[in-house]
Amino acid sequence: NKATHATGTGKGVLGDNKSFNTLSSSGTYYLQDSTRNLKTYTARNSANENLLPGTLLSDSDNYWTDGAAVDAHTYAAEVYDYYKTKFNRNSFDGNGAAIKSTVHFGRNFNNAYWNGAQMIYGDGDGSTFVPLSGALDVVGHEITHAVIERSANLVYENQSGALNESFADVLGNLIEDRDNGWLLGEDIYTPSVSGDALRSMSNPESQGDPAHMDDYKNLPNTREGDWGGVHTNSGIPNKAFVNFVETSGITRDNAGKVWYRALTSYMTSRSDFDDARNATIQAATDLFGSSSTEVTAVTNAWAAVGVG
Ligand SMILES: CCC(=O)Oc1c(C)cccc1C(=O)O
Ligand SMILES: [Ca+2]
Ligand SMILES: [Zn+2]
């Protein structure tokens, strides 16, 4: 008998109920969404990347109790839908590539990343992080790394790397669509501390990150230096985006269209902050006209962080 679409239900990392597409085959259900080409696997706490993607998650009754798996699967679906609906992009490659997520990678692993082929989520150590797929902005951030890789392919070091991080933060938060200071990872970071986050786009300084070129951190291009501070200097383009989207007359959707067009039409692997400024001004000009509110606002947004 052939496999058929089914609807699974279960609780996410934070105990919230949700439903999602699964596949039923020979009496077993699988975390496979055939309409969006999503598959969710478990590494069963192995940290061996050679064993990835691991085991396709299955269940006997289609009621799922693995919160990390439920969230990786449902949030990947939301990210897929956002790119399809807002930009008519079919998956990260624009051509319906399978979105594979593996949860329970390693032990106490405080990390989430795109490894060039799939997403990988740790469970966290329970004090710094809870399972990292439990935040939509994180899943959006990771899948956007894949979109970036298949478009501008910004090199992950120095200013191009900080742009890579910033575009992933921007899209991750646009997808999460909350009004709380443009925080990153707030849902899965330090469960015993409320109000903090991995990063803040509206107030990078609150996490020690720069919000202006005057405070650009010249860190070494090494692992210890976070490849020239890609997660730190991202505060500057992040702040530029918040300046832009918070200008009166600018909508989140239009701001996202400008950023997406800049990334996919104008930016390249070695683009720096000045190139990003020029790309977003050109994108705003293409979309809204040279004398539009958007062009004025994006120009001012970069000027306010010392770019241009
Ligand atoms: C917002 C998501 C994020 O930053 O994930 C990372 C974590 C938690 C550790 C190291 C790298 C990353 C990343 O994806 O850049
Ligand atoms: Ca957020
Ligand atoms: Zn990242």
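Start at 1 and go down the list; that is how both ligands and their atoms are numbered. Since this is a predicted model, take the numbers as computed values, not measurements.
Remark: distances from the non-hydrogen atoms of F109 to ligand 1 are all 4.0 Å or more. Residue-ligand proximity: G185 is placed with every non-hydrogen atom at 4.0 Å or more from ligand 1.
With a 6.0 Å radius and a threshold of 12 heavy atoms from other residues, nucleotides or ligands, K257 has its NZ atom above the threshold. Atom CZ of R252 has more than 12 neighbouring heavy atoms from other residues, nucleotides or ligands inside a 6.0 Å radius.
Note that CD of E49 and CZ of F105 are 4.5 Å apart. Values are rounded to the nearest 0.5 Å.
Ranked by closest heavy atom to atom 5 (O) of ligand 1, the top entry among E142, H141, M119 is E142. In the candidate list R199, H231, E186, H231 is nearest to atom 11 (C) of ligand 1, counting heavy atoms.
Using a 4.0 Å cut-off between charged nitrogen and carboxylate oxygen, R178 and D187 count as a salt-bridge pair.
Between S290 and V295, the closest side-chain pair of non-hydrogen atoms is not below 4.5 Å. Counting only heavy atoms from C-beta outward, the side chains of P210 and T232 approach each other to under 4.5 Å. Side-chain contact between L171 and H141 is absent, with no heavy atoms from C-beta onward closer than 4.5 Å. Side-chain atoms of Y63 and T65, non-hydrogen and from C-beta on, do get closer than 4.5 Å to each other.
Our summary of the site lists the angle at the Ca ion (ligand 2) between OE1 of E186 and OD1 of N173 as 150°, to the nearest 10 degrees. To the nearest 10 degrees, the angle centred on the Zn ion (ligand 3) between NE2 in H145 and NE2 in H141 reads 100°.
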K84/D81 under salt bridge (Lys or Arg N to Asp or Glu O under 4.0 Å): CA gap, chis, key distance, verdict: CA-CA 5 Å; K84 191 75 180 68; D81 290 349; over 6 Å; no
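The aromatic rings of Y156 and H231 stand perpendicular to each other, their planes meeting at an angle above 60°, with 30° marking the opposite boundary.
Among the backbone and side-chain atoms of N180, none of the N, O or S atoms lies under 3.0 Å from the Ca ion (ligand 2). Among the atoms of A197, no N, O or S atom falls under 3.0 Å of the Ca ion (ligand 2).
At the top of the distance list for atom 12 (C) of ligand 1, counting protein heavy atoms only, stands A112 O, 3.5 Å. Of the protein's heavy atoms, L132 CD2, 3.7 Å lies nearest to atom 8 (C) of ligand 1. The nearest heavy-atom contact from the protein to atom 10 (C) of ligand 1 is N111 OD1, 3.4 Å.
In terms of distance to the Ca ion (ligand 2), the nearest N, O or S atom of E176 is named OE1. The Zn ion (ligand 3) lies closest to atom OE2 when only the N/O/S atoms of E165 are considered. Within D137, the N, O or S atom at minimum distance from the Ca ion (ligand 2) carries the name OD2.
Backbone and side-chain nitrogen or oxygen atoms of E165 are examined, and one is located within less than 3.5 angstrom of a nitrogen or oxygen of ligand 1.
Residue H145 has at least one heavy-atom neighbour below 4.0 Å for each of these atoms of ligand 1: 14 (O), 15 (O).
Exactly one residue among Y82, Y80, Y83 makes a side-chain contact (heavy atoms from CB on, under 4.5 Å) with R89. That residue is Y83.
Of all the heavy atoms of Y156, the ones lying under 4.0 Å from any atom of ligand 1 belong exclusively to the side chain.
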